[in-house]
Participant: 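Right, I'll just put the structure down here and ask away after.
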Amino acid sequence: MRIAAFGLALMLCACSSFDTIDGGDDDVWQPPPYNDVLVLPLDATITVDAEVDADLLDSGTDAGGCTTLPDDTPCKAAPDLCHTDGVCKGGKCMAPGVHVDGYNWKSGDDTARCCGASPVYTTSNGNCGACGIACNAGNGETCETLGGHYFCRGCIASSKCWSHCCSLSFNPASCAASDCSGNCSAAYCPPGTHCVAGGGTSSDYCSY
């Protein structure tokens with residue numbers, strides 16, 4: 001049997017509003033494109049259409065015993081909380097399924113999200129506030145909280161923010177989900193998120 005490797009990378013957020021700082025730098029940093037992808041609901045599971053090698057099955061038996069079991073019977077345990085159990089299909093044990101980016105794998109913790117099929121906390125410079133929102137160290141940014149939400153803070157130039165807006169509404173400045181004219185904008189928010197106005201306690205941000 002063969003295993004088909006399946007990779008999932010849908011990307012996610014953190015944000016702000018109002019004034020911008022003009023960096024005056026022609027070497028414009030470009031974040032990865034977010035919106036040219038299929039957006040799935042957060043409770044969706046992507047089924048991997050591949051068989052599991054016999055030596056990977058917990059039981060160590062042919063097809064995980066699926067030859068005698070009905071379809072959808074679990075046959076291979078999920079490797080982590082961002083996957084689902086592999087199930088029997090047509091007498092064969094299929095590979096574990098994958099939760100979409102943004103799936104909340106830990107109840108009560110809004111930062112616990114599946115990003116690229118891995119359980120992470122969206123509190124890092126690589127996933128700041130949402131999957132795929134990357135803080136640009138070259139623009140002075142680090143992932144920090146503001147009003148209970150995570151932002152790439154310390155930005156200098158709007159052109160180098162993931163959102164193309166370095167908001168001066170709070171100090172230090174933050175890369176915000178804003179058009180930098182005072183309007184909440186999800187134009188650069190990761191798939192599966194929407195723009196939420198900061199309401200005076202933070203800059204505008206992307207949220208699941």
Side-chain angles (χ1 to χ4, degrees), residues 1-15 31-135 143 148-150 162 177 186 188-196 205-208:
M1 300 183 185
R2 295 178 299 174
I3 301 177
F6 184 88
L8 177 67
L10 299 173
M11 315 211 21
L12 318 126
C13 108
C15 342
Y34 290 125
N35 295 326
D36 189 22
V37 294
L38 174 65
V39 177
L40 299 174
L42 293 184
D43 59 355
T45 298
I46 298 175
T47 301
V48 179
D49 188 16
E51 298 175 23
V52 177
D53 274 342
D55 60 0
L56 294 181
L57 297 170
D58 292 338
S59 63
T61 59
D62 182 43
C66 285
T67 52
T68 59
L69 294 173
D71 283 358
D72 298 322
T73 300
C75 58
K76 175 62 181 176
D80 55 46
L81 294 172
C82 288
H83 289 76
T84 57
D85 292 343
V87 296
C88 296
K89 290 290 183 184
K92 299 176 181 179
C93 185
M94 309 308 288
V98 180
H99 285 300
V100 299
D101 275 6
Y103 177 79
N104 186 203
W105 55 266
K106 184 178 181 180
S107 178
D109 188 342
D110 193 53
T111 70
R113 301 286 177 176
C114 291
C115 295
S118 295
V120 303
Y121 292 96
T122 53
T123 60
S124 69
N125 287 335
N127 297 288
C128 187
C131 297
I133 291 186
C135 299
C143 189
H149 307 286
Y150 281 86
W162 66 268
Y188 296 99
C189 283
T193 66
H194 60 282
C195 187
V196 177
Y205 59 96
C206 306
S207 177
Y208 292 106

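This one's a predicted model, so the numbers in the text were calculated from it and none came from an experiment. Numbering starts at 1 and runs along the sequence shown.
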Participant: Under the side chain to side chain donor-acceptor pair (under 3.5 Å) rule, collect the residues that match up with S118, sequence neighbours excluded.
Facilitator: none
Participant: Show the nearest heavy-atom pair for residues A112 and K106, with the distance to one decimal.
Facilitator: CB-CB, 3.5 Å
Participant: How about C88 and C66 - are their SG atoms less than 2.5 Å from one another?
Facilitator: yes
Participant: Of all residues at least two apart in sequence or in a different chain, which pass the side chain to side chain contact (heavy atoms under 4.5 Å, CB included) check with T123?
Facilitator: T111, Y121, Y150
Participant: Listed by chain and number, what are the salt bridge (charged side-chain N to carboxylate O under 4.0 Å, His left out) partners of D85, not counting sequence neighbours?
Facilitator: none
Participant: Quick one, T193 with S207, criterion side-chain contact (heavy atoms from CB on, under 4.5 Å). Give me CA distance, side-chain angles, the key distance, then yes/no.
Facilitator: CA-CA 5 Å; T193 66; S207 177; 5.9 Å; no
Participant: Given disulfide bond (SG atoms under 2.5 Å apart), test C206 with C195 step by step and report yes or no.
Facilitator: CA-CA 5 Å; C206 306; C195 187; over 6 Å; no
Participant: For V120 and C115, which heavy atoms make the closest approach, and how far apart are they?
Facilitator: CG2-SG, 3.6 Å
Participant: Does the N104 side chain pair with the main chain of D110, one donor and one acceptor, at a distance under 3.5 Å?
Facilitator: no
Participant: For residues 76-95, which residue pairs qualify under ring-ring contact (aromatic ring centres under 6.0 Å, His included), counting only residues two or more places apart or in two chains?
Facilitator: none
Participant: Over all heavy atoms of both residues, which pair between C82 and P119 is shortest? Give the atoms and the distance, please.
Facilitator: SG-N, 3.3 Å
Participant: Return the set of residues passing salt bridge (charged side-chain N to carboxylate O under 4.0 Å, His left out) with D72 (not counting sequence neighbours), or none when no residue passes.
Facilitator: K89
Participant: What are the two closest heavy atoms between P70 and T73, and how far apart are they?
Facilitator: O-OG1, 2.8 Å
Participant: List the atom of D71, the atom of G91, and the distance in Å for their closest heavy-atom pair.
Facilitator: OD1-N, 4.3 Å
Participant: Evaluate the side-chain contact (heavy atoms from CB on, under 4.5 Å) criterion for residues H99 and T84: first the C-alpha distance (whole Å), next the side-chain angles of each, then the deciding distance (0.1 Å), finally the verdict.
Facilitator: CA-CA 7 Å; H99 285 300; T84 57; 3.6 Å; yes
Participant: Do the side chain of N125 and the main chain of C143 share a donor and acceptor less than 3.5 angstrom apart?
Facilitator: yes
Participant: Looking only at heavy atoms, which two atoms of M94 and C75 are closest? And how far apart?
Facilitator: N-SG, 4.1 Å
Participant: Tell me whether W105 contacts the main-chain N or O of L81 through its side chain, where contact means a donor paired with an acceptor under 3.5 Å.
Facilitator: no
